[in-house]
Amino acid sequence: MAPDPSLDPSPSNLPDPELTGRPTPELERPLPDPPDRRVGFALVGLGAYALEQIAPNLASTQHARLAAVVSGNPDKARAVADAYGLGRAHVYSYDTFDRVADDPAVDVVYVILPNAFHRAWTERAFAAGKHVLCEKPMAATVEDCRAMIQAGRAAGKRLMIGYRAQYDPYNLRAIEEIRAGTIGAPRLVVADHGRILDLSELRDQWRARKELASGGSLYDIGIYSLNGARYLIGEEPTEVTARLREPSGRDEVNVEEGIEWTMAFPSGVVANCSSSYRVSDNKRIHVQGAEGGVTLDPATDYYVRNLFVETDAGRRQITIPRANQFARMLDEMALAVREDREPKTPGAEGLRDVRVMQAIYRAAETGAAVRIDA
Ligand code: NDP
């Protein structure tokens, strides 16, 4: 039988192929800005979140770039600067930070310090003439939040809070499904966030101390249940009740480890929420409506989200490719600066959560329902 030429790996009778350029493919997202045109971010505090999530994800943005680092550990700061190709001129300590005022590479100061430092470092960054992205929870008290907002106004600079889930395509799609009426009128939210507080980990040691963390599981992870209920329902809670869960009794811990609370919304929706440092990983938010339910489980993980919509027609899982919430959040800050506009999650958004969290603590303390004024 004659050999089949289509199966011959080196047929001698075909012309040589030519290397040629091709047109630009249709891109799902446009090419990023060139490095020198991107908005420069200085990271303050080179801890787990800054180094594992933010620094690497800055490289996935369209409009932002790492421009400087600020740290109390000079060796670590230099190593990070070298790894990301930053010159030594863009490495600051907490003592030399104010010189960032003269560093034109830095547009935004991103405060990723323990919570008790958020207010002071936001004010310091504004004083240096920079915009501020500050991690959640915004600050210890409503008064602190107001002072931070005021400092930004006085400096004529933007303030954004790092609510990454509000930029997450899965959470945004859940909002869309609810607003579109897929599950009928929303009636109930169940939102739980939990993890084991591991005191052998540096990042958990400060979280156990009120003087550094400002609050306990509620301020750290319960805030995702609270913020999630607010954005999924699209209303502000008017009343809360709460009770503390059994503490572990560990001497090193002087914050609340577990708390359960309910929030009443104007439309009649009730949210049953919890946060705990004494249960294994749990990041679930469920909204039940008159005609079905939306479940995000996990809702607020860094890289894994599952979204389910259940109606009479059955249960469907929605999958969204390339859903990088970090890049979207960082690009929002960059664009707010460039376009001279309020970011989507400004200081006022951080303040709302702090106000509700303080009401939750009061409700837990008194055992009575606490009203939240608009
Ligand atoms: P880490 O403990 O890992 O990092 C905190 C860093 O702050 C330290 O590495 C250190 O940086 C600096 N620091 C300065 N003074 C102190 C001090 N007295 N005690 C401890 N650290 C100090 O914490 P995280 O990165 O987990 O959290 C930092 C912030 O980010 C918090 O506000 C947290 O709520 C927020 N966060 C937000 C997340 C989100 O998903 N949005 C996820 C995780 C955290 P250096 O050594 O460089 O001086």
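Start at 1 and go down the list; that is how both ligands and their atoms are numbered. Values below: every heavy atom of this structure, side chains too, minus hydrogens, waters and symmetry copies.
The single protein non-hydrogen atom nearest to atom 25 (O) of ligand 1 is Tyr49 N, 3.0 Å, given as residue, atom name and distance. The nearest protein atom to atom 29 (C) of ligand 1, hydrogens excluded, is given as Leu113 O, 3.4 Å; this is a heavy-atom distance. From the protein, the heavy atom lying nearest to atom 40 (O) of ligand 1 is Arg164 NE, 2.6 Å. Looking from atom 32 (O) of ligand 1 to the surrounding protein, the closest heavy atom is Asn115 OD1, 2.7 Å. Here the protein heavy atom with the shortest distance to atom 28 (C) of ligand 1 is Ile112 O, 3.3 Å. Closest protein heavy atom to atom 35 (C) of ligand 1: Glu135 CG, 3.6 Å. Among protein heavy atoms, atom 33 (C) of ligand 1 sits closest to Arg207 NH2, 3.7 Å. Nearest protein neighbour of atom 9 (O) of ligand 1, counting heavy atoms only, is Gly47 CA, 3.2 Å.
Heavy atoms of Glu52 found under 4.0 angstrom from ligand 1: none, in either backbone or side chain. The part of His118 lying near ligand 1 is the side chain, judged by heavy-atom distances below 4.0 Å. Proximity of Tyr219 to ligand 1, defined as any heavy-atom pair under 4.0 Å, is not found for any part of the residue. With a 4.0 Å heavy-atom cut-off, ligand 1 is reached by the backbone of Arg203 and by its side chain too. Contacts between Lys76 and ligand 1 below 4.0 angstrom, taking non-hydrogen atoms only, involve the side chain exclusively. Of the heavy atoms in Leu212, only side-chain atoms (C-beta onward) come closer than 4.0 Å to ligand 1.
The aromatic rings of Phe41 and Tyr110 lie perpendicular to each other, with more than 60° between the two planes, well past the 30° mark. The aromatic rings of His193 and Tyr224 sit tilted, their planes meeting at an angle between 30° and 60°. A tilted orientation is assigned to the rings of Tyr49 and Tyr302, their planes being inclined by 30° to 60°.
No side-chain donor-acceptor contact under 3.5 Å links Gln166 and Asn171.
At a 3.5 angstrom cut-off on N or O pairs, Ala50 does not count as close to ligand 1. For a threshold of 3.5 Å applied to N or O pairs, the pair formed by Asp220 and ligand 1 contains no separation below that value. In terms of polar-atom proximity, Leu46 is counted as a contact of ligand 1, with an N or O under 3.5 Å from an N or O of the ligand.
At least one donor-acceptor pair under 3.5 Å links the side chain of Thr345 to the backbone N or O of Ile161. Listed for the Arg243 side chain is no donor-acceptor partner under 3.5 Å among the backbone atoms of Gly367.
Remark: Lys344 is positioned above the aromatic ring of Tyr167, its terminal NZ or CZ atom under 6.0 angstrom from the ring centre and at most 45 degrees off the axis.
Heavy-atom contacts of Gly72 reach the following atoms of ligand 1: 45 (P), 47 (O), 48 (O) (cutoff under 4.0 Å). Residue-ligand proximity, Tyr224 to ligand 1, at heavy-atom distances under 4.0 Å covers atoms 38 (C), 39 (C), 40 (O), 41 (N).
Around atom 13 (N) of ligand 1, the closest heavy atom drawn from Ser71, Cys134, Gly162, Pro114 belongs to Pro114. Among Phe117, Trp121, Trp206, the residue whose heavy atom lies closest to atom 15 (N) of ligand 1 is Phe117. Of the candidates Tyr163, Tyr94, Tyr302, the one placing a heavy atom closest to atom 42 (C) of ligand 1 is Tyr302.
Under the 4.5 Å side-chain heavy-atom criterion for ILVMFWY residues, a single connected hydrophobic cluster contains both Ile233 and Tyr170.
Electrostatic pairing of Glu252 and Arg209 does not count as a salt bridge here, judged by no charged N lying under 4.0 Å from a carboxylate O. Salt bridge annotation for Asp98-Arg124: present, with a cationic side-chain nitrogen under 4.0 angstrom from a carboxylate oxygen. Electrostatic pairing of Glu201 and Arg207 does not count as a salt bridge here, judged by no charged N lying under 4.0 Å from a carboxylate O.
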- Give the C-alpha distance, both sets of side-chain angles, the deciding distance and a yes or no for side-chain hydrogen bond (donor to acceptor under 3.5 Å, both in side chains) between His63 and Asp33. CA-CA 6 Å; His63 311 295; Asp33 298 339; 2.8 Å; yes
